[in-house]
Amino acid sequence: MAFRAFSIVWCVVLSTVPAFAQPSRWPAEYKRAPFYAAQFDDTTIAIWLLLSVCCLLAGVGIGTYKHLYSKGESSKPEARQKALIVVVLLLVPIAIVYSSLVQFFQSSGNVIFAPLVFSFSVLFAAIFSYDHNWATACDKYKKRDYSGAIKHFELEIAKQRKNPELYIWCTNAHICLDQFEDAMAVCDRALALIPDDIEIRAQRAGILIEIDKVDEALIELNRIIELHPEYEYLLEIRSDLFTHQYQFDKAIEDLDAMKKPSLWSKIKRCQAHVGLNQNEIAAKEFHNIMRNLDEQLPRQNMAELMGFSGWMRIIERKFDIATQEFTTAIELDPQLVWAYLNRAYCYLVQGKHDLARNDIAVVQAKTLLARKKQYCDFMYSLHLWRTGDLSGALAAAHAANGIYGDKAMYLSNLGLMQMVNGQLDEARISLDCAIALNPHDAEAHYQRSRLFEKMGLSELAASDRAKVEAWKYHPNFEW
């Protein structure tokens, strides 16, 4: 509605000012005769038709900018700039032709007709030259109204059944709601109509990773990468698969193979190094990324970057700085759940239990999807443990031990809570499972060494301690 109102104002102002800029040239008869009483010769009509075409193209230009601006990728500043350049290049020559034609109308006496043609033509084209459902869907997507976005994407898909971008963004909206089965269904519908679309196939592989069908995802990705090695982002998706399986060395290989890595692929490389307990390498690479960052990020992306920076500060055990950076991330994006919970973690390490509880309460008050709820339960279990509610901590750890996210981390936390509650055999099972999933999980090895000490298994405890010392791991909580 705001765009349509703007179109009306823009049309009226832009069309009226040039035509009536020289009132001294108005023919006297037009002061008393209505505009439709004017007579037009063939030349005037021909030029009027040309003017109408120019006006319609101008409207299409406006609609094109609205369409490009509304699409998800154009939330980036450089995409908005490109869209604006395209429209300006279209409108400038049209404006020159329009001015010349208005001068002709003024000299021939047909003064009022020109601006009216312009107003109605541009208004019509501006309103109908972009996809309303698509624009509405993208607007809702940016505002995180994913259910509303899905509704409008589906309405537009009904009109454009072979447009891959619609399916891609509709699938993304389902993924944001953790609706992986529905997301898969959208991908399958799209591939039935456009089976050769690489982006949709890659997106489908990403969904398979999320639902733990990693073997099927790997077969699909390997096939696509073999056929289309030029699409480097496929390597990044496959690195996600390897990270999901805790095969961090393979993830790094894929990320290193990218000739033009994106900012986020570089960050994923840092995460993979952390997964291998190569924290110094990860920190060095991340600081280089931040020093050489020369792109202007949208607000939400900047919030995510600051959140990751805070996470890296936790790895470096710089909890004061981490707290500040999580605070900055929250100021940029108050809906960034991870930032609240990670800041709560910093507060727990610093012994600021009340502040930690406040951040956890903020997240608990929100309507959380499954994976975010898991992480919230995980952090809540740590808070209850540090404040002495051991049985509550165990219950929260069980709640966090779900199907999403870092399963090894959740199992390790469950093992810790079982151990402090005296359930040593159960703790051993949980910690063994965590280490079986992720042999590089230093926290799990550390907690199991403590468990073995309690159980009198000194040789096994020494073996785990040796690995922890080799990785230079220091627990954040002493007990």
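Atom CH2 of Trp264 and atom CD1 of Ile289 lie 10.0 Å apart (nearest 0.5 Å). Once rounded to the nearest 0.5 Å, the distance linking CG of Leu332 with CG of Leu297 reads 10.5 Å. Put simply, CG on Leu348 and NE2 on His383 are 6.0 Å apart, with the number rounded to the nearest 0.5 Å. Going from atom CG of Asn413 over to atom CG of Asp406 covers 11.0 Å, rounded to the nearest 0.5 Å. Distance check, rounded to the nearest 0.5 Å: CD of Gln447 to CG of Asp441 gives 9.5 Å. Annotation: the span from Cys176 atom SG to Ile150 atom CD1 amounts to 9.0 Å, rounded to 0.5 Å.
For the residue pair Gln418 / Ser430, a side-chain donor-acceptor distance below 3.5 Å is found, with atom types taken as modelled. With hydrogens and angles left out, the side-chain atoms of Glu316 and His287 include a donor and acceptor closer than 3.5 Å.
The aromatic rings of Phe319 and Tyr345 sit tilted, their planes meeting at an angle between 30° and 60°.
Using a 4.0 Å cut-off between charged side-chain N and carboxylate O, Asp196 and Arg201 make no salt bridge. In summary, Glu220 and Arg223 engage in a salt bridge, as defined by a charged side-chain N under 4.0 Å from a carboxylate O. A salt bridge links Asp377 with Lys373: at least one charged nitrogen is closer than 4.0 Å to a carboxylate oxygen. Note on Lys250 versus Asp254: no salt bridge recorded, every NZ/NE/NH1/NH2 to OD/OE distance being 4.0 Å or above. Under 4.0 Å is where a charged nitrogen must lie from a carboxylate oxygen, and between Arg465 and Glu453 at least one such pair does. With salt bridges taken as basic N to acidic carboxylate O contacts below 4.0 Å, none links Lys259 and Glu230. The pair Asp333-Arg299 does not count as a salt bridge, with every side-chain nitrogen at least 4.0 angstrom from each carboxylate oxygen.
Counting heavy-atom neighbours within 6.0 Å of Lys162 NZ, excluding the residue itself, gives a total of 12 or less. Annotation for Arg161: atom CZ does not count as buried by contact number, only 12 or fewer foreign heavy atoms lying within 6.0 Å.
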Problem set entry | From CA spacing to verdict: salt bridge (Lys or Arg N to Asp or Glu O under 4.0 Å), Asp256, Arg269 | CA-CA 8 Å; Asp256 284 345; Arg269 192 176 187 278; 2.4 Å; yes

For this session: Could you check Ile157 against Arg189 for side chain to side chain contact (heavy atoms under 4.5 Å, CB included), going step by step and ending with a plain yes or no?
Result: CA-CA 11 Å; Ile157 286 172; Arg189 281 164 47 204; 3.8 Å; yes

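Closest approach of Ala282 and Cys270 over heavy atoms only: CB-O, 3.4 Å.
Side-chain rings of Phe248 and Phe242 stay apart, their centers remaining 6.0 Å or farther from each other.
When each of Phe286, Trp338, Phe326 is paired with Phe308, the ring pair (Phe, Tyr, Trp, His ring centres under 6.0 Å) condition holds for Phe286 and for no other. Each of Leu394, Leu390, Leu384 was compared with Met417 under the side chain to side chain contact (heavy atoms under 4.5 Å, CB included) criterion, and only Leu394 meets it. The side chain to side chain contact (heavy atoms under 4.5 Å, CB included) test with Tyr347 singles out one residue from Asn342, Asp354, Asn358, Leu355, and that residue is Leu355. The only option from Arg291, Lys284, Glu285 that meets the side-chain hydrogen bond (donor to acceptor under 3.5 Å, both in side chains) definition with Asn288 turns out to be Arg291.
No side-chain donor-acceptor contact under 3.5 Å links Ser412 to the backbone of Met409.
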